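Report on one structure; see the data block that follows.
Just follow the structure's listing: the first ligand is 1, and inside any ligand the first atom is 1. Counting begins at 1 with the first residue of the sequence. None of the values given here were measured: they were computed from a predicted structure.
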Amino acid sequence: MGATAGATMEVVNPYDQSVIRTVDDGDRADAEAAVAAARTAFDEGEWPSWTPRQRAELLHRVGHLLQRDRAEIARLETLDTGKTLTEGGIDVDDVTAVFHYYGGLAEEDSGRLVDAGDPRVRSRVVHEPVGVCALITPWNYPLLQASWKVAPALAAGNTLVIKPSETTPLTTIKMVELIAEAGAPAGVVNLVLGPGGTAGAALVESPQVDLVSFTGGLETGRRIMRDAARTVKNIALELGGKNPNIVFADADFEAAIDYALMAVFFHAGQVCSAGTRLIVEESLHDDFVAALVERAERIRLGNGLDEDTESGPLVSAEHRDKVESYVGIALQEGARLVAGGRRPEEPALQNGFFFRPTVFVDCTEDMRIVQEETFGPILTVERFTTEERAIELGNHTEYGLAGAVWTRDAARAERVARRLRHGTVWINDFGPYLPGAEWGGFKHSGIGRELGLEGLAEYRQAKHIYENTAPEPQRWFTR
Ligand code: NAD
């Protein structure tokens with residue numbers, strides 16, 4: 001849908017600041033028009049009468065089209081976000097799996113009979129779509145985050161408006177085109193491009209919208225929760241994380257180092273579940289940090305399209321400034337810089353928003369660098385001597401998105417995993433998620449879940465149908 005005022009915005013490649021494409025820059029009026037289209041399609045269109053089987057087939061067709069255009073989409077995601085082409089390709093595969101997963105669930109009958117204790121009564125709980133859903137996504141995993149919302153919303157029979165981040169809209173535009181090609185009726189999936197403060201806010205405030213599902217920063221999440229209150233919407237929030245990676249001295253050293261690096265420096269740390277807080281047992285600390293720093297220094301920064309690039313740039317100049325500002329904050333607080341902390345010097349990287357992988361040691365739990373989400377390639381290292389203290393440090397954050405524990409002691413791994421107040425815990429691993437397993441945050445990391453059965457339940461609402469099969473006068477009132 002084009003912007004009614006004719007405004008446009010440039011989408012910039014963070015590797016070299018070249019303009020990839022100019023797209024519509026929508027405002028409140030565009031958001032309201034998209035909501036109206038979704039409302040009409042839900043209230044009056046053919047979509048609500050589609051069978052679960054038809055919806056399932058639509059989702060599977062989208063999955064096939066994503067694979068047909070895999071190379072093109074991966075390239076677009078790389079140009080737009082700066083991530084490597086390998087990561088872009090993995091994202092397309094993951095997104096495909098999400099569409100097929102919810103295609104599989106669309107046909108599952110989620111209703112049940114309830115025994116009313118009276119043979120004349122047939123009591124059923126059925127599930128209906130929530131209605132018109134506003135889906136608002138961030139810039140770090142544009143396609144992936146969109147799929148976690150779009151696929152279950154369609155599986156459940158909703159109509160929707162999606163607003164991607166103004167920084168990285170390209171693969172969402174492509175996804176919406178593919179859903180249309182797959183045969184979704186007009187008005188079922190609507191795209192709004194534009195800034196959060198206007199186009200996004202209009203979606204949240206609209207009385208025509210029944211549900212807002214948002215992924216993004218904590219402050220924006222708070223604001224959306226407040227703005228949605230006036231119209232008492234369903235909301236689902238996937239917010240930030242400050243995720244602990246706890247390593248006991250008996251862990252597999254090589255594997256733990258390897259994963260610790262990937263946990264924090266993958267996609268230049270722009271991952272909500274990035275393992276930015278390394279919490280290491282005292283006796284292992286010095287050897288572990290030495291090995292980690294040696295490898296962090298060797299990470300090859302570059303153009304995501306080049307095969308030998310291991311990490312791309314940050315997404316924008318503004319974001320790099322924010323990440324960089326944390327170096328001064330950390331030093332002032334007494335953390336000791338042992339790797340990175342600066343922009344790279346290579347001439348080839350000067351037009352991109354690069355920042356070197358950075359490691360701080362001597363960190364303590366109340367430092368801002370340990371508590372605030374930098375959303376960049378910055379690792380802090382804390383130490384512990386007892387299991388109890390490791391758990392305490394792991395939980396010492398307002399967030400609760402994800403965490404990991406590394407140990408060869410299975411009983412200890414289980415104890416720590418159960419006591420960490422985070423929505424996902426990895427044991428001797430870091431990072432994987434599965435379409436069939438719920439994803440989401442404890443504490444300030446969010447409300448609700450994406451993926452898995454609960455990720456579909458967000459988009460359904462229960463209805464109790466109580467049927468009296470043999471009604472007779474009750475004579476409650478006798479006169
Ligand atoms: P952001 O909060 O700045 O923006 C996210 C989206 O919200 C964008 O589309 C933006 O335009 C829109 N928006 C901004 N203000 C709005 C408003 N007032 N009303 C409605 N919409 C508005 O976040 P970001 O910088 O794009 O993304 C980074 C953040 O996302 C990080 O904090 C990260 O942890 C989080 N994130 C969380 C998860 C998760 O699964 N929990 C996944 C990815 C990213």
Hey, could you give me each pair passing ring pair (Phe, Tyr, Trp, His ring centres under 6.0 Å) that has a residue in residues 64-96? Not counting sequence neighbours.
H64-H100
Kindly tell me which protein residues have any non-hydrogen atom under 4.0 angstrom away from an atom of ligand 1, grouped by chain and ordered by number?
I136, T137, P138, W139, N140, Q145, K163, P164, S165, E166, G196, G200, A201, V204, F214, T215, G216, G217, T220, R223, I224, E238, L239, G240, C272, E373, F375, L401, W439
Ring pair (Phe, Tyr, Trp, His ring centres under 6.0 Å) with F355: which residues, sequence neighbours excluded?
none
Does R421 have any salt bridge (charged side-chain N to carboxylate O under 4.0 Å, His left out) partners at least two apart in sequence or in another chain, and if so, which?
none
Does any non-hydrogen side-chain atom of Y399 lie less than 4.5 Å from one of L218?
yes
Got Q145 and P138 here, is their nearest side-chain heavy-atom distance under 4.5 Å?
yes
Just wondering, are more than 12 heavy atoms of other shown residues or ligands nearer than 6.0 Å to OH in Y259?
no
